[in-house]
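Letters go in sequence order (proteins before strands), and every chain restarts at 1.
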Amino acid sequence: MKEEDASPLRNAYKVRSFQNAIKAIAQLDHDLASGADALKLNGIGSSIAFRIDLFLEGKEYDPAKHDVALERRKHAVANLRKLPGLGATTARQLYEAGCTSLAQLREPRFFEMLLPHQRINFLYAEHLEKPLTRAEAESIVAFIHEHISSKFEIIITDAYRRDSPTLPHLSLLLLHPAHIHIPLPAPTAHTRPRSLLRGNARNPFHTAYQRRPVRLASRLLQDVVRPLEDAGLLAAALGASPARWAGVAVRPGAGGRWKEVGERLRDVRARRGGYCRLELSMAPWGARGAALLALTGDVDFWRMMRDKAAGLDMHLNEYGLWRWQAKPRDGSAPHTPVAAEPASEVQAKARAPAYECDYDFDDAEWAGYGNGYGGASAGASGGASKGKGKGTGKGKGKDVEKDKARGKEAEDAQEENGYWELVESESEERIFDALGMEYVPPERRNFVFLRDKPPKKAIA
DNA sequence: TAGACGGCGCATAATG
DNA sequence: CATTATGCG
DNA sequence: GTCTA
């Protein structure tokens, strides 16, 4: 009877209902005698009970008889949703406008319904589906090295670092000795453990809202993305923020050959040649280890690491491993800098701002940061903007609705109760160590590792 | 019988 | 320009 | 689709 139920996928809640029903039946230690028998189970209602009867009597359930139109719509929507970034809502709108397949998105009336990133994903769809070879990845990195300052260090992360022979896309970590500010986690990071088993796709190096000029002034955008655009490597952007850029890049020709700039720019304009997805992440110089961890392990492994940290009452993000230090009641900050190991000069500079918790929390920089990990301090507090509070003022507070107001109050209280202390961020090895784990080499940071060697396993 | 059915952070659009 | 709403995963 | 208020 599972086969009976396995197919439908139109209404998310309906699908879940079927899943629940299947689970309920699977947990039984005996066979079902009838639909009425099944009806007693939690998760099985009249409709599924009826279909169980049909099944037991050997009759077929014929969906076509029930609803041809629905079936057709289901297929169309499922097809449309294959495009990354195109979800249920857009798919439905497209279908209602008469679009029944991905191919039809070519038609202007449908194409215009797409958001910018959806358009790019569509236009480059065949290219982006094609994995890269390691040689292609290396060739692109060499190209980038030739077109940006030699002070940048570039590390290929993700699947490449895990020794995978092919890469779904190219993910690069960039480091620059002058890029050193390590932002603090949100004050509430430890009191709001994320759901560790599901949810957010990985999106490290996010920064809170910044004014346009500030955003565009980032070293990544100015000194990396800009020259690469000029060099004709980048064909389209899917998203750009101060420490992160994602988009479409040109692939090298056969044998890792690159054409001359002018020709490449013409190719890009005409969308000739091969393309791939490229992701650039800019990490603070002293946060190399944490950044590598965040960008190398697959999603499951990274989630496991963060879970591990949470279990030890710490907080792990792409900037480092943090421990919450409660402040004594009188408010005098316990001046206990970590510095477990001798820090290089740059490092010291990188860390310094992290411990000076003298932010003006009413400053606009802090307004609007989310509740989660990774966000918080917009890099703007690098040094200069620190002492002089007030930008546009007003920042947070205000008359938010009850719910949010409560949350904010809690946050304010948190801020006074302590601060985040950076335990380790420079070396992967030492982060593993601080978490009480054996070092796991990149090629083993994957789902198989988690399954074969359950570290602690929160998987309920 | 109507409404819930997971919750959250991000990017972008819409709105003030 | 800043905040809120929506789509997405 | 089912469950609950």
Side-chain angles (χ1 to χ4, degrees), chain A residues 4-25 38-52 61 63 66-67 70 74 80-94 113-121 185-186 188-189 192-215 237-247 299 303 306 317-318 364-376 378 391-401 403-404 407 460:
Chain A
E4 293 260 337
D5 300 351
S7 51
L9 49 106
R10 57 170 163 281
N11 174 344
Y13 299 120
K14 190 167 171 179
V15 174
R16 193 175 303 152
S17 293
F18 279 120
Q19 287 168 341
N20 289 339
I22 291 170
K23 205 186 299 174
I25 294 171
L39 196 50
K40 296 187 207 128
L41 297 173
N42 229 340
I44 295 185
S46 59
S47 182
I48 290 184
F50 172 70
R51 286 176 62 169
I52 287 173
Y61 172 75
H66 286 250
D67 214 326
L70 226 57
K74 177 183 85 183
L80 290 168
R81 288 200 53 178
K82 284 183 189 148
L83 197 73
L86 197 162
T89 306
T90 311
R92 177 178 49 74
Q93 288 165 350
L94 283 167
M113 294 172 66
L114 301 178
L115 298 170
H117 70 275
Q118 293 170 328
R119 295 180 181 187
I120 291 169
N121 275 320
T188 51
R192 293 189 208 177
R194 321 234 52 69
S195 160
L196 293 160
L197 302 177
R198 53 171 25 168
N200 311 339
R202 187 173 58 178
N203 190 7
F205 303 108
H206 162 74
T207 40
Y209 174 83
Q210 288 174 320
R211 289 172 193 75
R212 228 176 102 81
V214 180
R215 242 176 13 231
L238 288 163
S241 59
R244 220 169 130 71
W245 185 92
V299 189
R303 191 170 290 157
R306 289 167 56 87
N317 65 12
E318 66 274 36
E365 289 151 24
W366 282 84
Y369 72 70
N371 329 327
Y373 88 90
T392 28
K394 101 187 272 190
K396 48 165 66 168
K398 285 212 64 171
D399 46 352
V400 221
E401 329 113 72
D403 245 15
K404 275 190 182 154

Considering only atom [atom1], compute the distance from [N] to [M] and round it to an integer number of Å.
N	M	atom1	answer
dC8(B)	dT2(D)	P	28 Å
dG9(C)	dA4(B)	P	23 Å
dG6(B)	dT4(C)	P	27 Å

Interatomic distance, [X] [atom1] vs [N] [atom2] [rounded to whole Å]:
X	N	atom1	atom2	value
Leu86(A)	dG9(C)	CG	P	8 Å
Leu114(A)	dG7(C)	CG	P	14 Å
Arg306(A)	dG9(B)	CZ	C1'	11 Å
Arg119(A)	dG7(C)	CZ	C1'	16 Å
Asn121(A)	dC8(C)	CG	P	12 Å
Gln19(A)	dG6(B)	CD	P	11 Å

Discussion item. Using side-chain contact (heavy atoms from CB on, under 4.5 Å), reason through Leu238(A) and Asn121(A) one step at a time and then give a plain yes or no.
Written reply: CA-CA 8 Å; Leu238(A) 288 163; Asn121(A) 275 320; 4.2 Å; yes
Side-chain N or O of [X] closer than 4.0 Å to phosphate OP1/OP2 of [N]:
X	N	value
Arg81(A)	dC8(C)	no
Thr89(A)	dT6(C)	no
Gln118(A)	dG7(C)	no

Minimum heavy-atom separation for [X] and [Y], please, with both atom names.
X	Y	result
Gly43(A)	Ala21(A)	O-CB, 3.8 Å
Leu39(A)	Ser46(A)	CD1-N, 3.8 Å
Ile52(A)	Ala38(A)	CD1-CB, 3.6 Å

So which protein N/O to nucleotides 3-5 of chain D N/O distances come out below 3.5 Å?
| unit_1 | atom_1 | unit_2 | atom_2 | d |
| --- | --- | --- | --- | --- |
| dC3(D) | OP1 | Asn42(A) | OD1 | 3.3 |
| dC3(D) | OP1 | Gly43(A) | N | 2.4 |

Practice prompt. Supply the atom-to-atom distance Arg16(A) CZ to Lys23(A) NZ, rounded to the nearest 0.5 angstrom.
Written response: 10.0 Å
Item to complete: Kindly compute the distance separating CD1 (Ile25(A)) from CD1 (Ile48(A)), expressed to the nearest 0.5 Å.
Response: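 If we round to the nearest 0.5 Å, Ile25(A):CD1 and Ile48(A):CD1 are 7.0 Å apart.
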Worksheet item: Can you list the residues that meet the side-chain contact (heavy atoms from CB on, under 4.5 Å) rule with Leu115(A), with sequence neighbours excluded?
Response: His117(A), Gln118(A)
Worksheet item: Under the side-chain contact (heavy atoms from CB on, under 4.5 Å) test, which residues partner Ala91(A), sequence neighbours left out?
Response: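 For Ala91(A) the side-chain contact (heavy atoms from CB on, under 4.5 Å) partners, ignoring immediate neighbours, are Val77(A), Leu80(A), Arg81(A), Leu86(A).
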For nucleotides 1-5 of chain B, print each protein N/O atom paired with a nucleotide N/O atom at under 3.5 Å, atom names and distance only.
| unit_1 | atom_1 | unit_2 | atom_2 | d |
| --- | --- | --- | --- | --- |
| dC5(B) | O3' | Arg16(A) | NH1 | 3.2 |

Worksheet item: Any side-chain heavy atom of Leu94(A) sitting closer than 4.5 Å to one from Leu114(A)?
Response: yes
Worksheet entry | salt bridge (charged side-chain N to carboxylate O under 4.0 Å, His left out) against Arg92(A), all qualifying residues, sequence neighbours excluded | Glu96(A)
Distances for protein N/O vs nucleotides 12-14 of chain B N/O pairs under 3.5 angstrom?
| unit_1 | atom_1 | unit_2 | atom_2 | d |
| --- | --- | --- | --- | --- |
| dT12(B) | OP1 | Leu238(A) | O | 3.4 |

Worksheet item: If you look at every strand shown and take non-hydrogen atoms under 4.0 Å, does Arg92(A) touch a base, only sugar-phosphate, or nothing?
Response: nothing
